[in-house]
Amino acid sequence: MLRLALSKVASNVAPSDWSFGAGRYGRPFVAAPATSTALHFSLSHADGCVACVVSKHETVGIDVETVSRRGAPLSTALRFFAPEEVETLRGLPEPAAIERFFDYWTLKEAYLKARGFGLNLPLDAFAMQVSREAIEIRFKPDIADDPDGWRFSLCSPSPSHRLAIADGSRATGGLPISRNAWPLQEAAE
């Protein structure tokens with residue numbers, strides 16, 4: 001899927017011609033071929049759903065998770081999330097708290113993938129704020145990042161999956177997002 005997605009953007013490169021390497025924290029990158037514009041990508045998968053984002057900007061990340069009604073999201077949040085996120089979850093009724101937990105989790109993972117840190121940056125070092133109007137990120141003072149440089153989006157590609165994209169391109173209004181179904185056809189909106 002990744003090779004086809006890259007070749008859709010760089011139509012002069014055959015899918016079989018792409019090769020990949022890994023960065024310091026394991027983030028994969030395009031090693032070859034060199035294209036006129038460098039391409040970057042992020043991948044995620046969970047129980048029958050595969051997600052891929054391709055961009056000309058390096059700071060892009062994607063995460064997809066299976067939304068489970070079982071488990072104890074609050075106990076997980078207490079261990080890993082920022083205090084303000086935990087307080088938000090505590091103030092929501094259970095169905096909404098579970099949905100918001102997966103919003104936070106996918107947004108945090110997408111951000112970490114975009115930065116290329118993996119889990120080397122603790123999940124409580126930054127907090128997501130989700131409202132109908134916007135999705136914002138806040139950082140602890142010791143994190144060298146600008147919250148205004150980030151755009152985020154959330155969607156549910158299926159009733160049992162939650163997907164987040166983190167865009168740190170600093171492009172005005174964020175990068176355009178085009179959703180494609182497999183096998184790489186424009187998805188109906």
Side-chain angles (χ1 to χ4, degrees), residues 23-29 40-46 49 51-69 71-157 161-179:
R24 178 177 174 192
Y25 297 111
R27 180 182 183 177
F29 63 86
H40 306 277
F41 65 90
S42 182
L43 292 170
S44 186
H45 64 89
C49 185
C52 172
V53 62
V54 175
S55 174
K56 295 175 184 174
H57 298 274
E58 184 174 8
T59 51
V60 65
I62 195 164
D63 187 55
V64 64
E65 298 290 335
T66 301
V67 177
S68 171
R69 300 291 177 212
L74 189 55
S75 64
T76 301
L78 285 166
R79 289 182 56 212
F80 297 110
F81 287 4
E84 54 264 52
E85 293 165 328
V86 173
E87 288 309 308
T88 297
L89 292 174
R90 281 187 169 142
L92 295 171
E94 187 172 313
I98 292 170
E99 287 180 23
R100 184 55 46 90
F101 171 85
F102 283 102
D103 290 347
Y104 288 159
W105 191 269
T106 57
L107 288 164
K108 286 173 166 287
E109 288 278 339
Y111 170 75
L112 291 173
K113 288 179 179 184
R115 291 291 308 269
F117 290 151
L119 291 174
N120 291 295
L121 181 64
L123 291 174
D124 65 353
F126 58 99
M128 304 307 303
Q129 191 171 34
V130 179
S131 70
R132 287 187 179 148
E133 294 79 34
I135 302 170
E136 297 176 345
I137 190 168
R138 293 185 188 170
F139 301 102
K140 283 186 173 179
D142 59 332
I143 303 298
D145 204 340
D146 176 12
D148 293 332
W150 289 93
R151 302 283 180 270
F152 296 92
S153 61
L154 283 166
C155 70
S156 295
H161 293 95
R162 195 68 171 144
L163 182 145
I165 298 173
D167 165 15
S169 68
R170 302 187 187 283
T172 303
L175 295 173
I177 296 173
S178 124
R179 295 182 338 175

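If you're wondering where the values come from, they're calculated on a predicted model, not measured in any experiment.
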Validation row: Arg90, Leu74 side chains within 4.5 angstrom (heavy atoms): yes

Shortest non-hydrogen contact from Leu175 toward Ser169: CG-OG, 3.4 Å

Side-chain (Asp167) to main-chain (Val60) donor-acceptor, under 3.5 angstrom: no

Minimum heavy-atom distance Val64-Ala46, with the two atoms named: O-CB, 3.6 Å

Beyond-backbone contact of Pro28 with Leu43, side-chain heavy atoms, under 4.5 angstrom: no

Heavy-atom donor-acceptor pair, Lys108 side chain to Phe81 backbone, under 3.5 Å: no

Qualifying salt bridge (Lys or Arg N to Asp or Glu O under 4.0 Å) pairs with a residue from residues 121-142, counting only residues at least two apart or across chains: none

Any side-chain heavy-atom pair of Trp105 and Glu85 under 4.5 Å: no

Close side-chain approach of Arg100 and Leu89, heavy atoms under 4.5 Å: yes

Sub-4.5 Å side-chain heavy-atom contact between Phe126 and Leu121: yes

Closest non-hydrogen atom pair between Tyr111 and Asp145, with its separation: OH-OD2, 2.6 Å

Within-4.5 Å side-chain heavy-atom neighbours: Leu107 and Val130: yes

Residues Glu99 and Arg162 bridged, charged N to O under 4.0 Å: no

Short side-chain to backbone donor-acceptor contact, Arg24 and Gly116, under 3.5 Å: no

Ser42 side-chain N/O to Ile62 backbone N/O, donor-acceptor pair under 3.5 Å: yes

Min side-chain heavy-atom separation Asp103-Met128 under 4.5 Å: no

Exam field: side chain Glu109 to backbone Thr106, donor-acceptor pair closer than 3.5 Å: no

